[in-house]
There are 2 protein chains.
Amino acid sequence: MHGHQHEHGCCHGGRPERFLEPCLLLLLAQQPDHGYTLMERLGVYGFPAERPDPGTIYRMLRKLEQFGMIRSSWQEGASGPAKRVYEITEDGKSLLASWNDMLKRNVERVHQFLRDYEAFTVKEHTL
Amino acid sequence: MHGHQHEHGCCHGGRPERFLEPCLLLLLAQQPDHGYTLMERLGVYGFPAERPDPGTIYRMLRKLEQFGMIRSSWQEGASGPAKRVYEITEDGKSLLASWNDMLKRNVERVHQFLRDYEAFTVKEHTL
DNA sequence: CTATCTATATGTATATTACATATAGATAAT
DNA sequence: ATTATCTATATGTAATATACATATAGATAG
């Protein structure tokens, strides 16, 4: 029952923000790839596997390239339309390491919340 | 070295987003309080304890009140300027439960990322 | 030759946060 | 006394990320 009852109006529950960028960097660190396949691979990190949003993903890839975190080249001789294949740069790997540190810290903050919420519900139950 | 080197320009690492709302709800579930004190209590969840942003916090409180998640009354007879004391409503408790569920799911997503990043660095090291 | 699949891209709206600034009553200091 | 500081609440504006809608086009299947 919980989780989706507040999607409209105020306080819609949803996805974690600022998470797409590190996930794309990690996927490209694992192996070079193009946007269309990356959309599917993002499912591992909880992004909607069936109906991902191409616009958001391609835009993020272009932004990362603008700042030199990834680089791209057009793949030739493949089937279907031309594919822009991205690979991570050294700067991108350094940024990925930063994201890893930051996400670790943020997880700690959320764990503190989850512990306190648990304590709150236990206390409520004993009233 | 990591963690703050990309604060400017692209890809600034920083705080988790959409985290202020659940934290305020949890703090008010623990006990009714007014904005000025809540600012300090937010330090438990990693918000900057010395120099929090009043604007963001008061605005979020007003939004939560607009949607009936908390309610407020002016506290009389206290020292200093008038204080608007907030308390959580039943709807607010329900929303808080939703946030708890969602944050649990999101933590799982981040854990997947952290595991994969660890595996990536191990692999890089053995090359 | 038309429809569908693969692949990339832009336009716009909404939401959250950061930073700057405004207001005002209460209390402390000179 | 009157000035400065502390407590407390509030608004204006900009930056950023995401969601949703839509556009484009080559390749392939019916």
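As the structure is a prediction and not an experimental result, all values here were calculated from the model. We name chains A, B, ... by the order of the sequence lines, and we start the count at 1 in each one.
- Rounded to a whole Å, the CG atom of A/Leu61 is 12 Å from the C1' atom of C/dA7.
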Task: Test log, rule side chain to side chain contact (heavy atoms under 4.5 Å, CB included), inputs A/Arg105 and A/Asp101 - done: CA-CA 6 Å; A/Arg105 281 196 300 274; A/Asp101 292 352; 4.1 Å; yes

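- As a whole-Å value, the separation of B/Glu21 CD from C/dT17 P is 8 Å.
- At C/dT8, one or more side-chain N or O atoms of A/Tyr58 fall inside 4.0 Å of OP1 or OP2 (strictly under the cut-off).
- A/Tyr117 has its side chain out of reach of B/Lys104: every pair of non-hydrogen atoms, C-beta onward, lies at least 4.5 Å apart.
- Mapping A/Thr37 and B/Gly80 onto DNA chain C by nearest heavy atom places A/Thr37 at the nucleotide closer to the 5' end.
- Using a cutoff of 4.0 Å between basic side-chain nitrogens and carboxylate oxygens, B/Glu118 and B/Arg115 are not scored as salt-bridged.
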Task: Annotated protein contacts, base or backbone, on nucleotides 19-24 of chain C with a non-hydrogen cut-off under 4.0 Å, one of B, S, - each - done: B-----

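- Comparing D/dT18, C/dT8, C/dT16 against the side chain of B/Arg18 picks out C/dT16 as the nearest.
- In this structure, of C/dA7, C/dT17, C/dT27, it is C/dT27 that holds the atom nearest to the side chain of B/Ser79.
- The nearest whole Å value for the distance from the NE2 atom in B/His34 to the P atom in D/dA8 is 4 Å.
- Between A/Lys63 and D/dA17 there is a side-chain N or O to OP1 or OP2 distance below 4.0 Å.
- The two residues B/Ser72 and B/Arg84 have their closest heavy-atom pair at OG-NH1, 3.1 Å.
- In this structure, A/Asn106 places its CG atom 12 Å from P of C/dT17, rounding to the nearest Å.
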